[in-house]
Amino acid sequence: MNAAPSDPLAREQAHLTASRAALRAMREDVESLDIRDVTANWVNAQILQGQIDERVKALADLSHTPLFFGRLDFLHAPGADLAEGAENKGSEATSAQGRGWETGGRFYIGRRHVHDADGDPMVIDWRAPVSQPFYRASKKDPQDVGLRRRFGYTGGDLTAYEDEHLSDTTEAEQVSKLLQEEIERPRVGPMRDIVATIQPEQDEIVRGGLGGSVCVQGGPGTGKTAVGLHRVAYLLYAHRERLARTGTLVIGPNRSFLHYIEQVLPALGELEVRQATVADLVAHVEVRGTDEPEAALVKGDARMAKVLRRALRSHVTMPTEAVVVVRGSRRWRVPAYEFEEIVRELLARDMRYGAAREALPQRLAHAVLVQMERSGEAPDDRVQDAVARNAAVKAAVKAVWPQVDPARLVLRLLGDAEFLAEHAEGLLSEAEQKAVLWAKAPRTPKSAKWSAADAVLIDEAADLVARTHSLGHVVLDEAQDLSPMQYRAVGRRCTTGSVTVLGDLAQGTTPWATRSWGEALAHLGKSDAVVEELTAGFRVPREVIAYASRLLPAIAPGLAEVNSVRQSPGSLSVRHTDDLDAAVLAACAESLRNEGSIGLIAADDRVPALAAALAAAGVTHLSPGEETTPDTRLTLVPAPLAKGLEYDYVVLDEPAAVVAAEPDERTGLRRLYVALTRAVSGLTVLHSAPLPEALADADAA
């Protein structure tokens with residue numbers, strides 16, 4: 001038996017090598033499973049094989065992703081409560097009471113659980129209760145941790161470590177250099193997980209229970225998106241069986257954003273989380289049109305839900321004739337007044353339109369069965385079902401409670417001025433009704449040029465007809481830009497589940513941007529959600545966020561300014577120029593001399609000119625959502641697509657143009673605030689026109 005290396009770093013490297021070998025063995029064990037004799041048929045075999053394939057993927061050893069990033073040495077064996085609390089605790093909880101205790105309470109914390117051939121843990125999943133002190137322990141509250149060790153990696157090789165002796169109160173608490181380096185590591189490619197750098201206030205949100213909804217208000221660089229994604233990963237760990245049945249969903253503002261974040265959950269071993277935009281959720285029709293701002297504002301207003309409900313229920317008419325059912329030689333008659341009572345009762349119960357329509361023939365059949373019983377017959381459920389399917393009953397239901405197609409309902413509402421006026425009375429003004437009416441109504445839903453707001457209305461109508469399927473948990477990112485009707489569309493997807501809402505009121509850039517989280521949560525149907533605020537910034541340098549925060553009094557009065565933990569002298573440069581294109585090319589060339597990604601952010605109408613200037617200079621560039629490569633690290637970003645993205649270096653072209661591109665100054669300043677806060681290492685602001693007043697005195701080389 002080989003002796004353990006005497007050098008601490010060599011010992012840790014040996015543990016990494018052994019852990020990788022154990023992970024490989026775990027994967028090989030799954031790959032070698034023979035399912036031929038355990039499946040009843042080919043369908044079961046296909047399902048089981050799919051599950052095995054997913055498990056193999058989840059056990060992949062990513063060469064450039066550290067298998068573990070930290071170590072905890074407890075002073076005493078942790079209590080059993082730290083090894084419990086997960087539905088899938090077999091891999092973590094029981095094995096955590098094995099060799100970990102025998103080696104003095106030492107645990108390696110990583111992205112996934114790894115065990116040896118005996119089932120004893122070599123790496124503990126970061127989500128396990130025993131891992132929690134890695135994120136929350138401090139000298140003031142050591143949580144029985146004697147030593148916390150962080151590891152530094154170069155590529156996939158363990159090259160450094162850093163120790164914190166939490167039980168030693170004589171030693172001052174130090175800022176971790178390895179932690180700082182990980183936060184400041186260049187941003188090349190998609191968004192990375194932050195599992196090695198989660199901070200205590202973030203960890204509290206991540207580990208919140210499944211039953212409660214939470215809203216996270218966080219300024220730029222506070223890690224709210226990462227917190228939301230890691231919360232999904234944690235909930236899937238702690239409540240896997242339940243969420244496997246009910247499903248999870250991450251909702252982002254656009255495809256570029258979803259592409260940027262799509263590798264975070266797979267890196268944490270979670271492969272089954274669906275990602276979508278709100279437009280994907282409500283894609284009942286093809287969106288081919290656009291709305292004027294006034295129309296979009298009205299269509300997105302929550303009052304439209306009441307208008308739609310009135311319009312839908314108007315299709316129900318009171319019966320004026322009796323229903324006569326012929327069975328053999330007998331005729332059974334449900335008088336009109338009794339038929340009307342049944343209809344009014346169903347309307348009063350406020351059921352879904354479709355569910356009530358399905359219940360109506362059964363109610364009529366029941367009325368017939370009561371008469372049969374009074375006459376001495378003994379009908380059973382089969383007789384009731386037969387009566388409900390009777391042609392006379394079907395005809396009566398069709399006349400009184402007709403089927404309604406949601407798209408056709410919205411088509412009529414937006415195309416028929418009288419129909420709209422009838423159902424919008426007391427809800428929408430004449431001017432608002434005029435704003436949403438089509439100049440020329442299309443004949444069919446297929447020929448209509450539906451807008452994005454129209455699709456949301458159709459989704460609302462569809463839910464009024466038939467209940468939307470609810471998921472177990474939904475994460476909604478960049479939520480501040482949703483309209484009330486869009487919030488309702490998301491809320492329908494989690495009526496019986498919970499939601500994590502992520503956003504920043506200062507970054508709202510739509511005409512209907514959220515004014516308060518209380519209002520937004522009410523539209524979601526989650527008024528009881530807890531609102532948490534993240535104010536510690538980890539991404540944007542202090543100099544850059546302080547510059548951008550000059551805009552806060554104008555765009556979000558009363559909102560707390562982000563306090564960045566990163567001070568980076570020289571990270572901000574504001575320059576006036578008479579030749580904007582030349583200055584942009586020079587700034588991009590300067591940024592490209594550094595390591596990492598570069599984002600050139602500009603107003604929409606400046607993008608073609610800048611693209612041409614880059615091409616003429618022989619500088620290749622990408623569009624948002626495209627993968628950076630070592631040879632192409634510059635992305636030309638239209639300002640409206642910058643939200644949620646981050647780059648090591650940002651060159652911002654003409655702030656005044658970014659502001660002027662929006663319908664009003666406040667929205668324009670919010671768009672500028674977003675653009676100013678995308679940089680991780682350095683920001684260069686170039687302008688030929690005067691800067692907005694709040695930034696006007698900031699020119700600096």
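Keep in mind that the numbers below use all heavy atoms, side chains included, and drop hydrogens, waters and symmetry copies.
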Review point. When you measure from the side chain of Asp141 to the backbone N and O of Arg136, does any donor-acceptor pair fall under 3.5 Å?
Key: no
Practice item. Would you check, one step at a time, whether the test side-chain contact (heavy atoms from CB on, under 4.5 Å) holds for Ile261 with Thr225? Key: CA-CA 9 Å; Ile261 68 171; Thr225 295; 4.2 Å; yes
Point to revise | More than 12 heavy atoms from other groups under 6.0 Å of CG on Asp381 | key: no
Check your understanding: Asp463 and salt bridge (Lys or Arg N to Asp or Glu O under 4.0 Å): which partner among Arg352, Arg309, Arg488?
Key -> Arg352
Point to revise | Pair Lys643 + Asp477, salt bridge at N-O below 4.0 Å | key: no
Point to revise | Lys139/Glu164 ion pair, N-O < 4.0 Å | key: no
Exercise for review: Evaluate the side-chain proximity of Leu236 to Leu265: yes if any heavy-atom separation is below 4.5 Å, no if none is.
Suggested key: no
Review point. Ignoring hydrogens and geometry, is there a side-chain-to-backbone donor-acceptor pair from Asp118 to Asp120 under 3.5 Å?
Key: no
Check your understanding: Just by modelled atom types, is the His15 backbone N or O under 3.5 Å from a matching donor or acceptor in the Ser19 side chain?
Key -> yes
Practice item. Report yes if the side chains of Leu147 and Arg71 come closer than 4.5 Å at any heavy-atom pair, otherwise no. Key: yes
**Study point:** Closest contact, heavy atoms only, Gln217 versus Gly219
**Key:** NE2-N, 4.2 Å
Review point. More than 12 heavy atoms of other residues, nucleotides or ligands under 6.0 Å from CD of Glu519: is that the case?
Key: yes
Exercise for review: Name all residues meeting the ring-ring contact (aromatic ring centres under 6.0 Å, His included) criterion together with Tyr487; count only those two or more places apart in sequence or in a different chain, and write none if there are none.
Suggested key: none
Check your understanding: How would you list, by chain and number, every residue that makes a ring-ring contact (aromatic ring centres under 6.0 Å, His included) with Tyr353, sequence neighbours excluded?
Key -> Trp401
Point to revise | Side chains of Leu457 and Met304 in contact at under 4.5 Å (non-hydrogen atoms) | key: yes
Practice item. Report yes if some heavy atom in the side chain of Pro253 is under 4.5 Å from a heavy atom in the side chain of Asp481; otherwise report no. Key: no
Review point. Is any side-chain heavy atom of Asp385 less than 4.5 Å from a side-chain heavy atom of Gln362?
Key: yes
Check your understanding: Do His259 and Glu626 have side-chain heavy atoms sitting under 4.5 Å apart?
Key -> no
Check your understanding: Taking all non-hydrogen atoms of both residues, which atom of Leu534 and which atom of Ile205 are closest, and how far apart?
Key -> CD2-CD1, 3.9 Å
Review point. What residues form a ring-ring contact (aromatic ring centres under 6.0 Å, His included) with His473, not counting sequence neighbours?
Key: none
Study note, to complete from the structure: Separation between CG (Leu268) and NE2 (His230), nearest 0.5 Å, reads 5.0 Å
Practice item. Examine distances only and state if a side-chain atom of Gln199 and a backbone atom of Thr197 form a donor-acceptor pair shorter than 3.5 Å. Key: yes
**Study point:** Residues that His523 engages under ring-ring contact (aromatic ring centres under 6.0 Å, His included), provided they are two or more places apart
**Key:** none
Practice item. Take the angle between the ring planes of Phe151 and Tyr153 and call it parallel below 30°, perpendicular above 60°, tilted in between. Key: perpendicular
Point to revise | Any donor-acceptor N/O pair, Arg149 side chain to Tyr161 backbone, under 3.5 Å | key: no
Point to revise | Residues that Asp528 engages under salt bridge (charged side-chain N to carboxylate O under 4.0 Å, His left out), provided they are two or more places apart | key: none
Point to revise | Approximate separation, where rounding is to 0.5 Å, of Leu471 CG and Thr495 OG1 | key: 9.0 Å
Study note, to complete from the structure: So CZ of Arg242 and OG1 of Thr248: to nearest 0.5 Å the spacing works out to 13.5 Å
Review point. Got a donor-acceptor contact below 3.5 angstrom from the Thr154 side chain to the Asp157 backbone?
Key: no
Review point. Taking atom OH of Tyr108 and atom CD of Glu12, what is their separation to the nearest 0.5 Å?
Key: 3.5 Å
Check your understanding: Are any of the side-chain heavy atoms of Met485 and Trp512 separated by less than 4.5 Å?
Key -> no
Check your understanding: Can Thr277 and Asp280 be said to form a side chain to side chain donor-acceptor pair (under 3.5 Å), step by step?
Key -> CA-CA 5 Å; Thr277 65; Asp280 295 330; 3.2 Å; yes
Check your understanding: Which atoms form the tightest heavy-atom contact between Ala128 and Arg207, and what is the distance?
Key -> O-NH1, 3.6 Å
Exercise for review: Establish, yes or no, whether a centroid distance under 6.0 Å links the rings of Phe134 and Phe69.
Suggested key: yes
Study note, to complete from the structure: Val285 and Ala407 have their tightest heavy-atom pair at CG1-CB, 4.4 Å
**Study point:** Which atom of Ala356 lies closest to which atom of Leu346, heavy atoms considered
**Key:** O-CD1, 3.7 Å
Review point. With a 4.5 Å heavy-atom cut-off, do Ile251 and Arg493 have their side chains touching?
Key: no
Revision key, fill the gap. Value for CG (Leu243) from OH (Tyr237), rounded to nearest 0.5 Å, stands at 14.5 Å
Check your understanding: Within the distance-only criterion (no hydrogens, no angle test), does the side chain of Ser498 pair as donor or acceptor with the backbone N or O of Ser213 below 3.5 angstrom?
Key -> no
Check your understanding: Say you draw a straight line from CD of Gln143 to CG of Leu166; how long is it, rounded to the nearest 0.5 Å?
Key -> 9.5 Å
Review point. What residues, two or more places apart in sequence or in another chain, satisfy salt bridge (charged side-chain N to carboxylate O under 4.0 Å, His left out) together with Lys526?
Key: none
Exercise for review: For side-chain contact (heavy atoms from CB on, under 4.5 Å), just list the numbers for Gln132 and Asp203, CA-CA rounded to whole Å, side-chain angles, deciding distance to a tenth of an Å, and then say yes or no.
Suggested key: CA-CA 8 Å; Gln132 182 173 307; Asp203 190 63; 3.8 Å; yes
Point to revise | Arg127 side chain vs Ala233 backbone, donor-acceptor pair below 3.5 Å | key: yes
Point to revise | Test side-chain contact (heavy atoms from CB on, under 4.5 Å) applied to Glu270 and Val232, step by step | key: CA-CA 9 Å; Glu270 301 300 343; Val232 171; over 6 Å; no
Revision key, fill the gap. Looking only at heavy atoms, the pair that brings Ala536 and Val562 closest together is C-CG1, 4.4 Å
Review point. Going by an N to O cut-off under 4.0 Å, is there a salt bridge joining Glu532 and Lys224?
Key: no
Review point. Between Gln202 and Glu204, does a side chain to side chain donor-acceptor pair (under 3.5 Å) hold up when you go through it step by step?
Key: CA-CA 5 Å; Gln202 296 173 328; Glu204 288 184 18; over 6 Å; no
**Study point:** Side-chain (Thr17) to main-chain (Gln13) donor-acceptor, under 3.5 angstrom
**Key:** yes
Point to revise | Check against side-chain contact (heavy atoms from CB on, under 4.5 Å), Asp459 and Arg492 | key: CA-CA 10 Å; Asp459 189 70; Arg492 286 191 281 279; 2.7 Å; yes
